[in-house]
Amino acid sequence: MDFERVEKKWQEIWEKEEVFKSKDFDKKPKFMGLVEFPYPSGVGLHIGHIKAYSSLEVVSRMKRLQGYNVMFPIGWDAFGLPTENFAIKNNIAPRIATDNNIKNMKAQLKRVGYSFDWAREIDTTDEKFYHWTQWIFCQLYKKGLAYKSKALVNYCPVCDVILSNEESQGGECDRCHSQVVQKEKEVWFLKIRDYAERLLSGLDKLDFPARVKEEQRHWIGKSTGAEVNFKVKIGSQEDTLRIYTTRADTLFGVTFMVIAPEHPILEKYADKIKNINEVKDYQAKAKQKSEFDRVQVNKDKTGVKLDGIVAINPLNNKEVPIFIADYVMMGYGTGAIMAVPAHDTRDYDFAKKFNLPIIPVIEGGDISKEAFTDINEGKMINSEFLNGLGVKDAIAKMIEHLAKENIGEAKTNYQMKDWAFNRQRYWGEPFPIVYCEKCGTVLVPEDQLPVKLPEVKDFKPSKNGESPLAQVPEWVNCTCPKCGGKAKRETDTMPQWAGSSWYYLRYMDPNNDKELASQDKLKYWGPIDWYNGGMEHVTRHLIYSRFWNMFLYDIGVVPFEEPYSKRTTQGLVLGEDGNKMSKSLGNVVDPMEIINNFGADVLRLYILFMAEYESAAPWSSANINGCKRFLDRVERMVDFIDDHKGVHAEHITELNSIIEKVSNDIAALKFNTGISALMTFVNTIYQDKFISREEMTDFLKLLYPFAPHIAEELNEQIGNKEYISKSNWPTVRVDNSVKYINLPVQFNGKMRDVLKVEENTPQDKVLELIKNHEKLSGYITGEIKKVIFVPNKIVNIIV
RNA sequence: GCCGAAGUGGCGGAAUGGUAGACGCACAAGACUCAAAAUCUUGCGUAGGCAACUACAUGAGGGUUCGAGUCCCUCCUUCGGUACCA
């Protein structure tokens, strides 16, 4: 088949007939399928896009024929660093580069034949879109969920710029390869931690794969424990040191304390700490270590003992020394811990290195060898009122005791940190924030949104790690919306995650200039019925967008709390050599080249046939031939068409079974077995060498979601007037023929033969057949002790 | 270390506790052809046998069951995620 002509022909017909248009408020049941919108890169479509989008493409095509009002939208996640870097390198404005890339990728997506509703196309860099991104930020700010705070950022002292984590991997600057250092800077944060509990508990009712839920749970990282106040003595002075622990039961086993190098108590008593120089030295070293270094595993424990300051165990008033060590993080808990070397591996390593006492408070284990950390075994010892209890009971009793004595209480912590929400970059959403000399930080009023991103000549990051926007005085300098006085704009921009945190809402009402989307339309379309995307977005994008949606729900803007009812993920497409595709390995497959050589239908079919959808699988240029051959065979199947009306009796069972199998498999993401069922049917027709027009039509409809162009073309060729894209999904027919099934026969659990019997043949009839069976009767070598008979499944005879 | 997923022919991969290897690739033989390609047909886990058939076989070892790739226990390997989280 001349696939180039045929594919173009049908793409034009579909567009003209608007068969993929989703209609607001249609009476049909709605189905909204969402795929992660692409970043418009200069490279164009990657094979991964094809796999990611083909799933819901197939589902959407089927659902339309099944009578659903389907929305399958697409857009562009277009802000971001690569475009900015491209602009710097080639001296092209990011706006122009983005528009070019979108144009190119859009043409590519159309060539694959995806049934996107292009009328709803969105672009996060369009001011009509980022208007509402800024508006959402305003609401977050008003509710106190956006705040500015000091934080450490990656900074390259040679380039004099702030780098993202991606640009500073391995603690090295991406551009000049010099050592990146941590620099303190005022940055914006969103209080996602306030939503930690809801983000966690909300998972229970969502239809997400278990591994996705697990990763999100882990990312949120809930831990329950207690905060406890230890007294500290600094000479004659007294103060309090608050620690967090999940093991309140071990309080009697505390032999020292550890605080983070950044802990404020160090500065507070700097003049009282005798070895303050040594401490400062350690602090400086810790600060130099990048995030990368500090996170390395199993490092040797290091630390410095504070001289002139001790802590007092509130339970037994014993004095214990305090250390600073970088294995305790300021960002988690209280930045201070009680160390119980007998029952914590890190404390144990530290105690061994610094020769500190180790007091067991739970029996079991051998603390001369290692810390005993099992919480399910052993009874409390050396612990006064806890003695004899199990660990879990001891924790509860201790927390009760702490509360009563007013020295501590139960506390829940989350590992998830607040979301650092800005970049020192040009190509992002400007913040709707100005700094007024008189009024301080002022929000830009909503009627003045959007704050448009100005055109600039130079996109290079400016000195001192400022955003390039700082170099545009006519934009930076403005009047304060409150007092009319002199003010300056925030020159940082939002991170790439901003637009993608709510884009799906905009599809539901893409041209609204009064609000981000109307309530009625959100109510009709939302929530998303099925969202497919990559595993790499499970912890960030997926959590960030759930957070924004919950927030918008809380302020009454969105009528549903969770944005995505169901989530699936596609497995990676590996290179032919089994490695991840990468330019350097030279194993990258270009989807456009495949389309040129084989056609879009073959590409679509193969990407779904190659493996189970959710697992990674290598590309094979040999195997794709099989899919091409299959479509060629389908085309030649037309020659077998006879004048028979209806469905041949010989085919009714087979046809019914593929209708059922393909429908179920598509809905269950099992495309590979659905396609193989279609192949089996074709093989049957080649055996029989006849097929009726009606059977062929049904078959082509089943093929249509996978290979729509050839299906439409053949459907037209065999004389059907109605386009498949405007027809109905086939349904199973009444089958009155006597069905025969193959009944496996086992003796003593061993397979011996298969008996062809009528469906629902009873046990005694089957046994009779076996006794009269030439071969099978030979296995009845003695008395029949027992017969296991599962109707239509199996018979097993114990002799 | 912790969490998750997975180990099945030469390869990609199928199998609600019930015929292991569907479907496809590769390979081989035959048909068509002057020939090749394409196409069509057949074969294709391993061992033995002309064959019917028999034995063995789903990472390793145990167990539950009439029956285990599938469930349970122990272990090995690979991949993904995550990490001095107190």
Looking for any heavy atom pair under 4.0 Å, which part of the strands does [X] touch: base, sugar-phosphate only, or nothing?
X: A/Asp753; value: nothing
X: A/Arg633; value: sugar-phosphate
X: A/Glu214; value: sugar-phosphate
X: A/Gln746; value: base
X: A/Glu536; value: nothing
X: A/Ala339; value: nothing
X: A/Ser620; value: nothing
X: A/Lys670; value: sugar-phosphate
X: A/Ile788; value: base
X: A/Glu612; value: sugar-phosphate

Taking only the side-chain heavy atoms of [X] (C-beta and beyond), determine which of [options] contains the nearest atom.
X: A/Ser223; options: B/rC23, B/rC56, B/rA86; answer: B/rA86
X: A/Arg636; options: B/rG13, B/rC40, B/rU41; answer: B/rC40
X: A/Lys775; options: B/rC66, B/rC53, B/rG4; answer: B/rC53
X: A/Gln415; options: B/rC85, B/rG81, B/rC66; answer: B/rC85
X: A/Lys786; options: B/rU82, B/rC66, B/rA15; answer: B/rC66
X: A/Tyr686; options: B/rG12, B/rU41, B/rA86; answer: B/rU41
X: A/Met751; options: B/rA86, B/rA15, B/rU19; answer: B/rU19
X: A/Ile794; options: B/rA55, B/rG13, B/rU19; answer: B/rU19
X: A/Tyr779; options: B/rU41, B/rC53, B/rA15; answer: B/rC53

Using atom [atom1] of each nucleotide, how far apart are [N] and [M] to the nearest Å?
N: B/rC73; M: B/rC25; atom1: P; value: 40 Å
N: B/rA38; M: B/rA5; atom1: P; value: 44 Å
N: B/rG69; M: B/rA57; atom1: C1'; value: 11 Å
N: B/rC2; M: B/rC11; atom1: C1'; value: 35 Å
N: B/rU16; M: B/rG7; atom1: P; value: 13 Å
N: B/rG17; M: B/rA68; atom1: P; value: 14 Å
N: B/rC40; M: B/rA52; atom1: C1'; value: 30 Å
N: B/rC75; M: B/rA86; atom1: P; value: 25 Å

Rounded distance in Å - [atom1] ([X]) to [atom2] ([N]):
X: A/Ile220; N: B/rA83; atom1: CD1; atom2: C1'; value: 17 Å
X: A/Ile624; N: B/rG12; atom1: CD1; atom2: C1'; value: 13 Å
X: A/Phe630; N: B/rG24; atom1: CZ; atom2: P; value: 9 Å
X: A/Glu262; N: B/rC84; atom1: CD; atom2: P; value: 13 Å
X: A/Arg247; N: B/rC85; atom1: CZ; atom2: C1'; value: 15 Å
X: A/Arg752; N: B/rC53; atom1: CZ; atom2: P; value: 11 Å
X: A/Asn623; N: B/rC11; atom1: CG; atom2: C1'; value: 7 Å
X: A/Ile322; N: B/rA86; atom1: CD1; atom2: C1'; value: 16 Å

Taking the six-membered ring for Trp and the full ring for Phe, Tyr or His, determine whether the centres of [X] and [Y] are under 6.0 Å apart.
X: A/Tyr686; Y: A/Phe640; result: yes
X: A/Phe690; Y: A/His651; result: yes
X: A/Phe323; Y: A/Phe256; result: yes

Using the purine O4'-C1'-N9-C4 or pyrimidine O4'-C1'-N1-C2 torsion, is B/rG9 syn (within 90° of 0) or anti? syn
Salt bridge flag under 4.0 Å for residues [X] and [Y]:
X: A/Asp764; Y: A/Lys771; answer: no
X: A/Glu36; Y: A/Arg567; answer: yes
X: A/Arg242; Y: A/Glu409; answer: yes
X: A/Lys628; Y: A/Asp632; answer: yes

I want to confirm an ordering. Mapping A/Asp632 and A/Val754 to their closest nucleotides on RNA chain B, which one lands closer to the 5' end? A/Val754
If you find the nucleotide of RNA chain B closest to A/Asp344 and the one closest to A/Met679, which residue's nucleotide is nearer the 5' end? A/Met679
Given [N], is OP1 or OP2 found less than 4.0 Å from the side-chain N or O atoms of [X]?
X: A/Lys628; N: B/rU39; answer: no
X: A/Arg346; N: B/rG1; answer: no
X: A/Tyr332; N: B/rA86; answer: yes
X: A/Asn625; N: B/rA26; answer: no
X: A/Arg629; N: B/rC25; answer: yes
X: A/Gln216; N: B/rC3; answer: no
X: A/Asn672; N: B/rA14; answer: yes
X: A/Lys661; N: B/rA15; answer: no

Which atom names give the shortest non-hydrogen contact between A/Ala339 and A/Val258, and what distance separates them? CB-CG2, 4.3 Å
Between A/Thr680 and A/Ser676 (side chain of the first, backbone of the second, donor and acceptor by atom type, cut-off under 3.5 Å), is there such a pair? yes
Exam field: side chain A/Asn587 to backbone A/Asp577, donor-acceptor pair closer than 3.5 Å: no
Picking from A/Ile770, A/Ile798, A/Asn796, A/Asp753, what satisfies side-chain contact (heavy atoms from CB on, under 4.5 Å) with A/Phe747? A/Ile770
Look at the side chain of A/Lys793 against the base of B/rU16 and say whether a donor-acceptor pair falls under 3.5 Å; ignore hydrogens and angles. yes
Paired stems touching RNA chain B, three or more consecutive Watson-Crick or G-U pairs with both distances under 3.5 Å? B:1-7 with B:76-82, B:10-12 with B:23-25, B:27-31 with B:39-43, B:45-48 with B:53-56, B:59-63 with B:71-75
With under 30° as parallel and over 60° as perpendicular, where do the rings of A/Tyr606 and A/Trp619 fit, or are they tilted in between? perpendicular
